[in-house]
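Everything below concerns the one structure shown next.
Counting starts at 1 for both ligands and their atoms, following the listed order.
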Amino acid sequence: MKVQLAIQKRRSYRGLEPIVIADNMIKELATAASLAPSCYNNQPWKFIFVRSKEQLKKMKAVMNKGNEWTFSASCIIAVMSKKELDCVIKDREYYLFDTGLGVGQLLLKATELGLVTHVIAGYSPDKTKEILNVPEEWNVIALIALGKKSKKKKIIGDESRPERLALQYVYSIDEYSKKLNKKVKH
Ligand SMILES: Cc1cc2nc3c(=O)[nH]c(=O)nc-3n(C[C@H](O)[C@H](O)[C@H](O)COP(=O)(O)O)c2cc1C
């Protein structure tokens, strides 16, 4: 799949149906993330792929209200890092940025594999750590629900891509430009 197509196809769907998450898929997703650039090649990311029925059941307890749709995910990926694992240049801490770069690649690879990914911030990091046996010093930055797009479930929001900021607000050329914050579909 061309990168452009994966970028276009990736959507944070909520209507999921079960799919077997094979060892090989996990390896491909982790490889895609690990090939991302990072400051000094520090590779500050770590991922836990939760796919057993028992652990997925426990993970239901970590989700915030409104994120119950994650209960039909076939895998939940815990994304972790630590500040000490990456560059800190004056007040610039790169571990979140670099881990995000890794996640971006993982999301596109998942799209190529025909999987749906949906990043979530609405969860309890403390409960997640407890269930997954994560040592205290790790920062659980995000969870990613992984599954297959359901053909049957109709969930509000899934039918069209949420609007994006107008490109004239997103970038400028040669110097900073203060443009209107106007959302348009593109
Ligand atoms: C860091 C992060 C946190 C998010 N948290 C949630 C969440 O808790 N619940 C949810 O339903 N969607 C969550 N989302 C999904 C966004 O709402 C979604 O990516 C955005 O609306 C754009 O839609 P798209 O990914 O389909 O293009 C999150 C996305 C990111 C990147």
Side-chain angles (χ1 to χ4, degrees), residues 1-19 29-30 32-33 36-38 44-50 56 58-83 85-86 93-129 131-132 134 138-151 153-167 169-171 181-186:
M1 183 183 278
K2 289 245 163 68
V3 174
Q4 179 58 21
L5 184 59
I7 290 169
Q8 286 294 342
K9 275 192 78 158
R10 187 212 57 79
R11 281 284 323 281
S12 300
Y13 294 110
R14 293 187 176 87
L16 305 175
E17 64 181 40
I19 186 171
L29 295 176
S38 58
W45 43 71
K46 194 177 277 297
F47 304 96
I48 301 177
F49 291 80
V50 182
L56 283 174
K58 288 185 196 164
M59 287 297 284
K60 289 182 180 178
V62 315
M63 301 300 174
N64 286 5
K65 206 165 176 289
N67 277 338
E68 293 82 2
W69 58 267
T70 59
F71 297 176
S72 49
S74 302
C75 181
I76 300 282
I77 309 170
V79 180
M80 310 185 306
S81 186
K82 298 188 226 185
K83 179 177 149 184
L85 292 179
D86 209 349
E93 299 172 354
Y94 280 96
Y95 73 111
L96 298 173
F97 182 87
D98 287 353
T99 303
L101 289 174
V103 167
Q105 298 202 169
L106 184 154
L107 301 188
L108 292 182
K109 184 68 200 179
T111 306
E112 185 184 53
L113 295 175
L115 299 165
V116 168
T117 51
H118 194 139
V119 178
I120 39 185
Y123 64 95
S124 159
D126 288 344
K127 283 187 200 159
T128 303
K129 282 177 163 182
I131 293 165
L132 306 181
V134 177
W138 285 93
N139 184 352
V140 180
I141 301 164
L143 299 179
I144 306 172
L146 189 63
K148 190 183 167 198
K149 187 177 185 302
S150 171
K151 290 193 183 85
K153 285 183 199 162
K154 295 271 174 266
I155 306 240
I156 296 164
D158 273 2
E159 65 288 347
S160 60
R161 184 187 286 284
E163 287 186 358
R164 294 312 204 242
L165 297 173
L167 281 180
Y169 180 76
V170 173
Y171 78 97
N181 179 359
K182 192 174 168 226
K183 286 194 179 186
V184 289
K185 278 189 183 169
H186 67 84

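Counting only heavy atoms of the protein, atom 12 (N) of ligand 1 lies nearest to His118 NE2, 2.7 Å. Here the heavy atom of the protein found nearest to atom 17 (O) of ligand 1 is Arg14 NH2, 4.4 Å. Atom 7 (C) of ligand 1 has Ile120 CG2, 3.4 Å as its closest protein atom, hydrogens excluded (heavy atom only). Looking from atom 18 (C) of ligand 1 to the surrounding protein, the closest heavy atom is Ser12 OG, 3.8 Å. Ranking protein heavy atoms by distance to atom 13 (C) of ligand 1, first place goes to Val119 O, 3.2 Å. Protein heavy atom nearest atom 5 (N) of ligand 1, with residue, atom name and distance: Ala121 N, 2.9 Å. Looking only at protein heavy atoms, the nearest one to atom 9 (N) of ligand 1 is Asn67 OD1, 2.8 Å.
Heavy atoms of Tyr123 found under 4.0 angstrom from ligand 1: none, in either backbone or side chain. Of the heavy atoms in Pro162, only side-chain atoms (C-beta onward) come closer than 4.0 Å to ligand 1.
Arg164 counts as a contact of ligand 1, since one of its heavy atoms falls under 4.0 Å from the ligand. Using 4.0 Å as the threshold, Tyr13 has no heavy atom nearer than that to any atom of ligand 1.
Here the shortest heavy-atom pairing between Met80 and Ile141 reads C-CD1, 4.2 Å. Residues Ala142 and Val119 share a closest heavy-atom pair of CB-CG1, 4.1 Å. For the residue pair Thr70 and Ala145, the shortest heavy atom distance occurs at CG2-CB, 4.4 Å.
Crowding of Lys82 atom NZ: a count of heavy atoms from other residues, nucleotides or ligands under 6.0 Å exceeding 12. Heavy atoms from other residues, nucleotides or ligands lying under 6.0 Å from NZ of Lys83 number 12 at most.
Heavy-atom proximity to Trp69, at under 4.0 Å, picks out these atoms of ligand 1: 10 (C), 11 (O). The atoms of ligand 1 that sit less than 4.0 Å from any heavy atom of Arg161 are 27 (O). The ligand atoms of ligand 1 that sit less than 4.0 angstrom from a heavy atom of Gly122 are 8 (O).
Between the CE atom in Met1 and the CD1 atom in Ile7 there is a gap of 11.5 Å [rounded to 0.5 Å]. Atom NZ of Lys127 sits about 11.0 Å away from atom CE of Met59, to the nearest 0.5 Å. Here Trp45 contributes atom CH2 and Asp86 contributes atom CG; the two are 8.0 Å apart, rounded to the nearest 0.5 Å.
Using the six-membered ring where Trp is involved, Tyr94 and Phe97 have ring planes that are perpendicular, over 60° apart on the 30 and 60° scheme.
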